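The structure appears right after this line, and notes come after that.
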Amino acid sequence: MPFGQRTAKRPTTASLPAGPNGASVARAAKLLRRPAVELSRVLGHPSCLGGQKVGHFRWGGKRRKKTEAAVANAGAAMGRRARELGCVVEFPPERSAETFSEKGDKINPPVVIMLGWAGCKDRYLEKYSAIYLQKGCVVIRYTAPWRLVFFSESLGIKSMRTLATKLLEVLFDYKVETKPLLFHVFSNGGFMLYRYIVELLHTQQQFQHLRVVGTVFDSAPGRRNLKGAVRAFSVVLASYNVCIKYFLLLSFAVLVVTLRIVLYPVTRFIHESHYEAMLNQPSKWPELYLYSKADSVILTRDIEDMVQARRQHQVLIKTVDFLHSDHVSHLRAYPTSYATHCISFMYSCIESTSSH
């Protein structure tokens, strides 16, 4: 240590506010114990936190307070949009040894964006997140409100397009927009949101540089299957009062029959369904379809028709039929096989992209 230089105790994290996004601030606070280089690496921008310069870490006095404030403000700023949207951003364990492929080559783990099924709770998606987190991936989890899935889409109201825009903007907030992206989409609830994300990626200049390497579809997509849709909606409304539940189910059924079946030859020119829109969408990245013939919500032939259409557009497709597992229950029924297929697909997507 140079002569005359004082040694101060490193700061604790007790003085940091909880912030609107506790996880982000807590993670930033934990990093206060680590060098500035590593702190900036994790947050994704050299020597910069949420647009505020940090410079060198010298613990003690005004610089210490300035640094603590910068870290706290950065965590709050990064989490603001995610909090408003209701999505969860989770970073991998600090010492993830799984950032290497089986061949031993170092890879750049993607950001995995999970789009949950209608009525899905975040604790359910956490189980799927673990698959990717242990491989060094950043995971963003989001589920669109069921009111938009079942009613707005049926009425042709494109409310989910706004949600799709905000979700993609979260990538910029956390400074991970330069990393490869992998989508993991569940059921029609996730697929409807994914439809608008794909449209934005191809039409909005601010998102056109985002690099998608692949998409995993779990129990999706399905089309005009009223029985399956009502069954799925019934599960979402399980905790509601019986009278309210059946009123909403009846309203939804009448709406779907009228606009999506009886009048569909006319209404499709006003608002194309998610399924029809995605049959000819221009994306060319690989796709993995995880489904089951025992699915009580999504018909197998709907998925197989989509697979055939995408293959005609020269898209690399892989399918896995779990045979006996129910709707969005494949991980629970076959945990090892499910995880293996997801990770194998992720690696193949990254390797094929890096080879071009």
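Owing to the predicted nature of the structure, the values given are computational and were not obtained by experimental measurement. The basis for the numbers below is simple: all heavy atoms, side chains too, and nothing from hydrogens, waters or symmetry mates.
- Membership of the apolar cluster around Val254 extends to Leu250, as traced through chained side-chain contacts below 4.5 Å between ILVMFWY residues.
- Atom CG of Leu279 sits about 10.0 Å away from atom NE2 of His274, to the nearest 0.5 Å.
- Expressed to the nearest 0.5 Å, how far SG of Cys349 lies from CG of Leu182 amounts to 6.0 Å.
- Using a 4.0 Å cut-off between a side-chain N of Lys or Arg and a carboxylate O of Asp or Glu, Arg223 and Asp305 qualify as a salt bridge.
- Taking Val315 as the reference, Lys284, Glu287, Arg310, His313, Ile317 meet the side chain to side chain contact (heavy atoms under 4.5 Å, CB included) condition, with sequence neighbours excluded.
- Atom CE in Met278 sits 11.0 Å away from atom OG in Ser273 (nearest 0.5 Å).
- Applying the salt bridge (Lys or Arg N to Asp or Glu O under 4.0 Å) test to every pair with at least one member in residues 107-128, sequence neighbours left out, gives these pairs: Asp122-Arg141, Glu126-Arg141.
- His324 is linked by a side chain to side chain contact (heavy atoms under 4.5 Å, CB included) to Tyr334, counting only residues two or more places apart in sequence or in another chain.
- In terms of modelled atom types and a separation under 3.5 Å, the side chain of Ser234 and the main chain of Val230 share no donor-acceptor contact.
- Across all non-hydrogen atoms, the minimal contact from Glu177 to Leu210 is O-CD2, 3.4 Å.
- For CZ of Arg231, the number of neighbouring non-hydrogen atoms (other residues, nucleotides, ligands) closer than 6.0 Å is greater than 12.
- With sequence neighbours excluded, the residues satisfying ring pair (Phe, Tyr, Trp, His ring centres under 6.0 Å) with Phe151 are Phe233.
- The aromatic rings of Phe191 and Tyr194 sit tilted relative to each other, their planes meeting at an angle between 30° and 60°.
- With sequence neighbours excluded, the residues that form a salt bridge (Lys or Arg N to Asp or Glu O under 4.0 Å) with Asp321 are Lys293.
- A donor atom on one side chain and an acceptor atom on the other are found under 3.5 Å apart for His330 and Ser219.
- The stretch residues 183-197 participates, sequence neighbours left out, in these salt bridge (Lys or Arg N to Asp or Glu O under 4.0 Å) pairs: Arg195-Glu199.
- For the pair Gln204 (side chain) and Gln206 (backbone), a donor-acceptor distance under 3.5 Å is absent.
- Within 6.0 Å of the NZ atom in Lys245, the count of heavy atoms belonging to other residues, nucleotides or ligands exceeds 12.
- With rounding to the nearest 0.5 Å, the separation of CG in Leu323 from CG in Asp295 is 12.5 Å.
- Partners of Tyr291 according to the ring pair (Phe, Tyr, Trp, His ring centres under 6.0 Å) rule, which considers only residues two or more places apart in sequence or in another chain, do not exist here.
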Inset, instruction - Decide yes or no on side chain to side chain contact (heavy atoms under 4.5 Å, CB included) for Met160 and Ser152, but give the supporting numbers first. - result: CA-CA 8 Å; Met160 295 179 76; Ser152 294; 5.9 Å; no
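- Considering only residues two or more places apart in sequence or on other chains, His327 meets the ring pair (Phe, Tyr, Trp, His ring centres under 6.0 Å) condition with none of them.
- If you check the side chains of Trp117 and Thr143, you find no donor sitting under 3.5 Å from an acceptor.
- Here the side chain of Ser348 pairs a donor or acceptor atom with the backbone of Phe345 at under 3.5 angstrom.
- Phe217 has its ring centre no less than 6.0 Å from the ring centre of Phe183.
- With Tyr246 contributing its side chain and Asn241 its backbone, the two residues share no donor-acceptor pair below 3.5 Å.
- Taking the six-membered ring for Trp and the full ring otherwise, Tyr128 and Tyr338 have centroids separated by under 6.0 Å.
- In terms of hydrophobic clustering, with Ile, Leu, Val, Met, Phe, Trp and Tyr side chains grouped at heavy-atom distances under 4.5 Å, Phe91 and Leu167 are assigned to a common cluster.
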Legend entry - Step-by-step side chain to side chain contact (heavy atoms under 4.5 Å, CB included) determination, Ile298 to Ser292: CA-CA 9 Å; Ile298 300 294; Ser292 170; over 6 Å; no
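- Side-chain N/O atoms of Ser329 and Arg332 include a donor and acceptor closer than 3.5 Å.
- Within 6.0 Å of CZ in Phe172 there are more than 12 heavy atoms belonging to other residues, nucleotides or ligands.
- The residue from Val170, Val138, Val185, Leu171 that alone fulfils the side chain to side chain contact (heavy atoms under 4.5 Å, CB included) condition with Ile113 is Leu171.
- Taking Tyr196 as the reference, nothing meets the ring pair (Phe, Tyr, Trp, His ring centres under 6.0 Å) condition, with sequence neighbours excluded.
- Ser344 meets the side chain to side chain contact (heavy atoms under 4.5 Å, CB included) test with no other residue; sequence neighbours excluded.
- Among residues two or more places apart in sequence or in another chain, the salt bridge (Lys or Arg N to Asp or Glu O under 4.0 Å) test is passed with Glu84 by none.
- Atoms CD1 and CZ, on Ile157 and Arg147 in that order, are 14.0 Å from each other to the nearest 0.5 Å.
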